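All remarks here apply to the structure that follows.
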2 protein chains.
Amino acid sequence: MTTIDATPLRGTERPGPRRQEVATRIKEYILRNRLKPGNPLPTEVELCEAVGASRSSVREAVKILSALDIVEVRHGHGTFVGRMSLNALVESLTFRGLLSGEEDHHVLGQVVDVRQTLEQGLAAEAIGLLDDAHRADLSALVDEMERLAAQGRDFLEVDRAFHLKLMEPLGNDLILQLTEAFWQVQAIVAPTLRTEPEDRVITAQRHRAIVDAVAAGDPARLRTAIAEHYAPIRASIARAVRS
Amino acid sequence: MTTIDATPLRGTERPGPRRQEVATRIKEYILRNRLKPGNPLPTEVELCEAVGASRSSVREAVKILSALDIVEVRHGHGTFVGRMSLNALVESLTFRGLLSGEEDHHVLGQVVDVRQTLEQGLAAEAIGLLDDAHRADLSALVDEMERLAAQGRDFLEVDRAFHLKLMEPLGNDLILQLTEAFWQVQAIVAPTLRTEPEDRVITAQRHRAIVDAVAAGDPARLRTAIAEHYAPIRASIARAVRS
DNA sequence: AGTAATTTGTGCGTATGTATG
DNA sequence: CCATACATACGCACAAATTAC
């Protein structure tokens with residue numbers, strides 16, 4: 001019957017903003033009922049009655065939760081439990097990068113540091129978990145990179161797929177989503193420093209070196225290959241800082 | 001002044017929800033005027049006039065941005081540029097952990113994986129950047145841990161300070177905030193599996209081993225010390241999964 | 001196919017609480 | 001203590017999107 005809480009709390013207590021109270025109630029409702037992503041939530045009017053708040057307050061609370069991807073709102077359909085992606089991290093970091101960036105790019109440099117550290121540490125672990133299918137997929141992706149680079153075209157999506165594929169065998173959702181998130185931040189913030197076509201050929205070669213190191217099962221070589229993969233981007237950042 | 005955009009866009013185009021449009025405008029306004037955290041934004045009514053939207057739409061947009069810490073609202077005072085912290089990441093991950101957790105705790109395990117990988121990779125780099133003051137601070141924090149552990153008390157805050165101190169010399173804000181964020185997620189989600197007093201003594205010893213490895217300037221030893229530091233938590237998670 | 005019902009989106013007015021001076 | 005400016009909350013009416021009949 002979509003009962004959220006029997007407590008009236010109307011006029012007596014004032015712990016904080018109304019919307020925060022409502023947002024907390026909605027989160028508790030999801031936890032208490034063990035709802036999973038995609039499950040429907042009560043309608044806005046039902047939520048109003050349940051928590052004893054106006055529709056404006058409920059809507060603001062829902063918008064906060066939707067920004068965190070805790071709930072997902074579909075116009076004319078209803079409100080549902082969200083998938084709790086890291087879109088909020090991407091939004092926040094991207095904006096920080098754009099604001100602090102333009103000439104500076106120190107935020108971008110920090111993102112590169114984190115990406116490199118995660119890949120160096122985790123890909124080394126992933127080596128032992130890779131099977132032939134994974135290695136073939138990685139190699140095919142680099143083939144595609146080289147093909148596109150030879151045509152002078154960029155290969156953003158292939159690059160994204162490669163780095164996700166590298167982390168896939170770990171079976172860790174959080175790592176995959178962090179990889180995706182940091183990749184997106186870099187893809188959005190970095191275009192300000194343009195990549196030259198010859199850089200792309202080099203980048204494709206660096207990915208090939210990573211695949212080779214993986215195939216050889218050599219962790220140390222893999223670490224240096226990953227470090228060299230990020231070298232061009234670091235150089236671009238340094239160049240931008242100098243100017 | 002406070003002119004955000006002259007475009008009316010009223011009635012003709014409908015790309016998406018109104019609040020999304022308004023949120024984008026506000027972000028563009030911050031970027032265009034190169035505002036820094038703490039700087040004031042136009043009042044709600046001024047924003048309404050500037051973008052040609054109602055109070056409701058503006059308020060919902062502001063609430064979304066405040067959830068991402070892109071803006072900060074102070075009741076009765078005004079709206080200001082936020083500090084773009086990673087609170088949104090903490091909120092989202094914490095809720096995911098609480099929802100998926102209780103018995104499972106696989107999200108918590110993923111967080112531990114990421115923390116360990118980052119610390120192993122970055123602390124090894126930080127070794128060369130540490131000065132005597134840092135080493136003394138780290139040692140003093142472990143002293144405090146041992147003191148509290150001997151009294152049977154917990155030392156959450158000291159632990160937090162320790163892991164931040166370890167990353168401090170890198171001079172990378174993002175890494176510090178990620179460290180803080182993941183620590184908070186673990187601190188909020190983990191209490192469901194209770195820590196025994198004897199575990200705390202062991203944990204204090206593991207931190208001592210980390211400091212010793214840092215003092216010795218031995219990266220390999222540091223990696224194993226960090227791995228052993230997380231061993232008790234992993235054991236607790238495994239114990240919870242078994243039951 | 002189309003109409004009605006349901007649900008979220010938007011706009012507006014007003015009253016209240018809160019911080020600043 | 002008062003006055004001003006601002007955010008907060010509430011309620012209603014209507015628009016737009018989706019679903020179901």
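Chain letters run A, B, ... following the sequence lines, proteins first, then strands; residues in each count from 1. Keep in mind it's a predicted model, so treat the numbers as computed, not measured.
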Notebook entry, point to check: Between the base of C/dG9 and the side chain of A/Arg55, is there a donor-acceptor distance below 3.5 Å?
Noted result: yes
Margin query: Taking any heavy-atom pair under 4.0 Å as a contact, classify A/Ser56: base, sugar-phosphate, or nothing.
Written below: base
Check: Do any of residues 64-76 of chain A sit with a heavy atom less than 4.0 Å from DNA chain C, and if so which?
Finding: A/Val73, A/Arg74, A/His75, A/Gly76
Check: Can you tell me if the side-chain N/O atoms of A/Thr43 get under 4.0 Å from OP1 or OP2 in C/dT6?
Finding: no
Next item on the list: Could you tell me which residues satisfy salt bridge (charged side-chain N to carboxylate O under 4.0 Å, His left out) with B/Asp113, sequence neighbours excluded, listed by chain and number?
Entry: B/Arg234
Next item on the list: Indicate the ring-plane relationship of B/His163 and B/His207, choosing parallel, tilted or perpendicular according to the 30° and 60° boundaries.
Entry: perpendicular
Check: Would you say a side-chain N or O of A/Ser57 is under 4.0 Å from OP1 or OP2 of D/dC10?
Finding: yes
Distance-only donor-acceptor hits, side chain of residues 181-189 of chain B, under 3.5 Å, sequence neighbours excluded:
residue  : atom : partner  : partner atom : Å
B/Trp183 : NE1  : B/Asp159 : OD2          : 2.7
B/Gln184 : NE2  : B/Glu180 : OE2          : 2.7
B/Gln186 : OE1  : B/Arg115 : NH1          : 2.8

Check: How would you list, by chain and number, every residue that makes a salt bridge (charged side-chain N to carboxylate O under 4.0 Å, His left out) with B/Asp173, sequence neighbours excluded?
Finding: none
Notebook entry, point to check: How would you list, by chain and number, every residue that makes a salt bridge (charged side-chain N to carboxylate O under 4.0 Å, His left out) with A/Glu44, sequence neighbours excluded?
Noted result: A/Arg55, A/Arg59
Checklist line | Listed nucleotide nearest any side-chain atom of B/Ser54, set D/dA9, D/dT19, C/dG11 | finding: C/dG11
Next item on the list: Compare side-chain N and O positions of A/Arg19 against OP1 and OP2 of D/dT8 and report whether any pair is under 4.0 Å apart.
Entry: yes
Checklist line | side chain to side chain contact (heavy atoms under 4.5 Å, CB included) partners for A/Ser57, two or more places apart | finding: A/Arg18, A/Ala53, A/Ser54
Check: Quick one: A/His77 NE2 to C/dT8 P, roughly how many Å, whole number?
Finding: 10 Å
Next item on the list: Considering just the side-chain nitrogens and oxygens of A/Lys63, establish if one lies under 4.0 Å of OP1 or OP2 belonging to C/dT8.
Entry: no
